[in-house]
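Read through the structure below, which is laid out as structure tokens, and then see the notes.
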There are 2 protein chains.
Amino acid sequence: MATIRDVAKLAGISVSTVSRYLNKSGYVNAETELNIKNAIDKLNYQPSVVARGLAGKNTKTIALLLPDITNPFFPELARAVEDVATIYGYTVIFCNTDGQVGKEKKYIDALKSKNIDGIIFASNTLGQEDVDKLASFNIPYVCLDRAPTNGTCSVVRSNDLEGGKLAVQHLLDSGCKKIGHIYGPQDLITAKERLIGYEESVRVYDWFSPSLMVPGDFGIEGGKKATEILMKRHPDIDAIFAGNDLMAFGALKVLHRMGIKVPEQVAVIGYDGINMTEITEPELTTIAQPTYDMGALVSRILIKKIEGDIEEDQIHVLDIKLISRDSTRRRG
Amino acid sequence: MATIRDVAKLAGISVSTVSRYLNKSGYVNAETELNIKNAIDKLNYQPSVVARGLAGKNTKTIALLLPDITNPFFPELARAVEDVATIYGYTVIFCNTDGQVGKEKKYIDALKSKNIDGIIFASNTLGQEDVDKLASFNIPYVCLDRAPTNGTCSVVRSNDLEGGKLAVQHLLDSGCKKIGHIYGPQDLITAKERLIGYEESVRVYDWFSPSLMVPGDFGIEGGKKATEILMKRHPDIDAIFAGNDLMAFGALKVLHRMGIKVPEQVAVIGYDGINMTEITEPELTTIAQPTYDMGALVSRILIKKIEGDIEEDQIHVLDIKLISRDSTRRRG
DNA sequence: CTGAAAGCGCTTACAG
DNA sequence: CTGAAAGCGCTTACAG
């Protein structure tokens, strides 16, 4: 591997000048520039990012902390993050935290020792300590969905409150008369807001009862159990709004097993808009988050921050969208 | 951030000794050791991986090149790779190549300039040039599924040939009399071997005809189109073996649309064993690859290689497994 | 068992 | 416009 010294020697100048050329910092004579270019070409020179990093510059790598890449919501997000990172010449390290603060802390330490340039938190945790640590390390970060308890950073999320309302409205528009809700873990803002959206839209009706709200775990299994509970408590409901698509999958399964027709007897709507919603039978109506856009945006914001585009920390709320499919289609 | 020099100073010794202690290279007096430990604790010292990297040691990071994390086969693989990497103190960079050599090359260059320790290729491409480049860079790598055309490296794959045969056998055992096959892109060894497995199992039957083999793209859409073609050509088939689960999903969709009952009229079996196979209706029978195990193994092999555990390059072929579900259950 | 020195490949003031 | 020198935080022979 050629080094900057080799380039300098071949171009007949000093290392400093080559460095200046490379970084476009300071002047360099047109002719010298040409010589440098040629030398670089001839030697197939590529600067060492690690040396650069040691010398105090960017390491051109960011990290993406997420709970579990195996959860179908995250691959698309990760893809988007990586796509825009690549555009800017960054590389992304991905870390599965399983939502455990312990793991998250370990990652942060490891990342710090690698002089990572910034971190995207799509992970659920991130306590006060982490924030402090990051601040003391002076490493930029951006959050997905959840703003850190204390301290500020830019946040990208989508409008879960509106989403919850939209889901209910769609169900009502489809002619449903009594709607149950399976909500996700309430330490997740997303789950919380969707629940609030549901409740606010629904509490004016006289059929409403708190027992229509059943907890789930954002997984298929949780969706199944919750559906069983819901149908036992309220055999007369004609719609289920699941807090995410996985739980909706669970609901479809259980309803099918119980011989309850979807959507004729019970309509089902999910949330997130993951790809697999179109392979169920019936295909699942869902409130789609702009997952890819969220990933792209969060990545872009972080990189800007890293590169010194000072921008006020702010919360970006992206719009959600109803994808209407057969699982809520009440009439031919 | 404390540096090794701070530690040395606090412990009242030289930097060299601290380094020796850190790397467990060379002797260090028991008392000195204690002093170092204390100093490290007090200062909350953490060695800089990038400095270490510059000085010629591992950067403790590996890269995972895959076609697209959005393809449901890869998240589980990636998760496994990351899990074992973490155990060994490594961090993983993930790269979506979309199967394009151009992207792959770019990544390799970028990774090289970061002194990455090793690469896992789960990507489809990897031509001769890449291999040469890697060899010249002297960077360890391991492949998933596909051995590089030329040059050697360890390969982890599962037994696709057996898998193809197993799929057919299962269908025959279920009482199917005429089986079609949707095969994946033939530049992928996995797709090819599954096809061969099918053909070898089936060509002895007089119902067999080459027109029973229809190409797909390993995607849902391709599965749909192929199924349409297949059913038009051979309305009398009673089973479809799809080369992967996504295409099987497509098949289920189309059959449902055509009013053909699965499994009563046509049984369907997929391949890969991705999680979502259990959310379709009927649930999809599939030949499951040990995806997680494959990822864990490939990661472990790479890290061993990096750390100098010289091991003969070899091909590890893991077993596949039939997961029998309703989509092939012909009788109550 | 321990330390001084050189080096990894860059960048960054500081002179000129 | 250009170069010499110091420094980033480590490791690695080489002496002692």
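Each chain gets a letter, A, B and so on, in the order its sequence line appears, and its residues count up from 1. Computed from heavy atoms alone, side chains included, the values below leave out hydrogens, waters and symmetry copies.
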Excluding sequence neighbours, so at least two apart, what forms ring-ring contact (aromatic ring centres under 6.0 Å, His included) with B:Tyr90?
-> none

Tell me the side-chain hydrogen bond (donor to acceptor under 3.5 Å, both in side chains) pairs involving [range], sequence neighbours left out?
| range | result |
| --- | --- |
| residues 78-89 of chain B | A:Asp68-B:Arg79, A:Asp98-B:Arg79, A:Tyr107-B:Glu82, A:Tyr107-B:Thr86, B:Arg79-B:Asp83, B:Glu82-B:Thr86, B:Asp83-B:Tyr292 |
| residues 293-306 of chain B | B:Lys305-B:Asp313 |
| residues 38-48 of chain B | none |
| residues 10-21 of chain B | B:Ser14-B:Thr17, B:Ser19-B:Asn23 |

Those residues that, when tested against B:Ile87, pass side chain to side chain contact (heavy atoms under 4.5 Å, CB included) (two or more places apart) =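 With neighbours one apart ignored, the set is empty.
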
For A:Val156, which residues count as a side chain to side chain contact (heavy atoms under 4.5 Å, CB included) partner, sequence neighbours excluded?
-> A:Leu144, A:Met294, A:Leu297, A:Val298, A:Ile301, A:His316

Check salt bridge (Lys or Arg N to Asp or Glu O under 4.0 Å) between A:Lys37 and all other residues, then give those that pass, not counting sequence neighbours.
-> A:Glu33

Could I get the full list of salt bridge (Lys or Arg N to Asp or Glu O under 4.0 Å) partners for A:Asp272, not counting sequence neighbours?
-> A:Arg194

Where each residue is assigned the nucleotide of DNA chain D containing its nearest heavy atom, which of A:Ala30 and B:Gln46 is assigned the position nearer the 5′ end?
-> A:Ala30

If you look at every strand shown and take non-hydrogen atoms under 4.0 Å, does B:Ser25 touch a base, only sugar-phosphate, or nothing?
-> nothing

Considering only heavy atoms, which members of residues 6-23 of chain B lie under 4.0 Å from some atom of DNA chain D?
->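 Of all residues in residues 6-23 of chain B, the ones placing a heavy atom under 4.0 Å from DNA chain D are B:Val15, B:Ser16, B:Ser19, B:Asn23.
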
Using chain B heavy atoms and a threshold of under 4.0 Å, write down where along DNA chain D the contacts begin and end, 5' to 3'.
-> D:dC8 to D:dT12

Starting at the 5' end of DNA chain D, write a dot or bracket for each base, bracketing those in Watson-Crick or G-U wobble pairs whose two distances are under 3.5 Å and using | for partners on another strand.
-> |||.||||||||.|||

When you look at A:Arg157 and A:Ile315, which way does the side chain to side chain contact (heavy atoms under 4.5 Å, CB included) test go after all the steps?
-> CA-CA 8 Å; A:Arg157 54 188 212 77; A:Ile315 299 183; 4.1 Å; yes

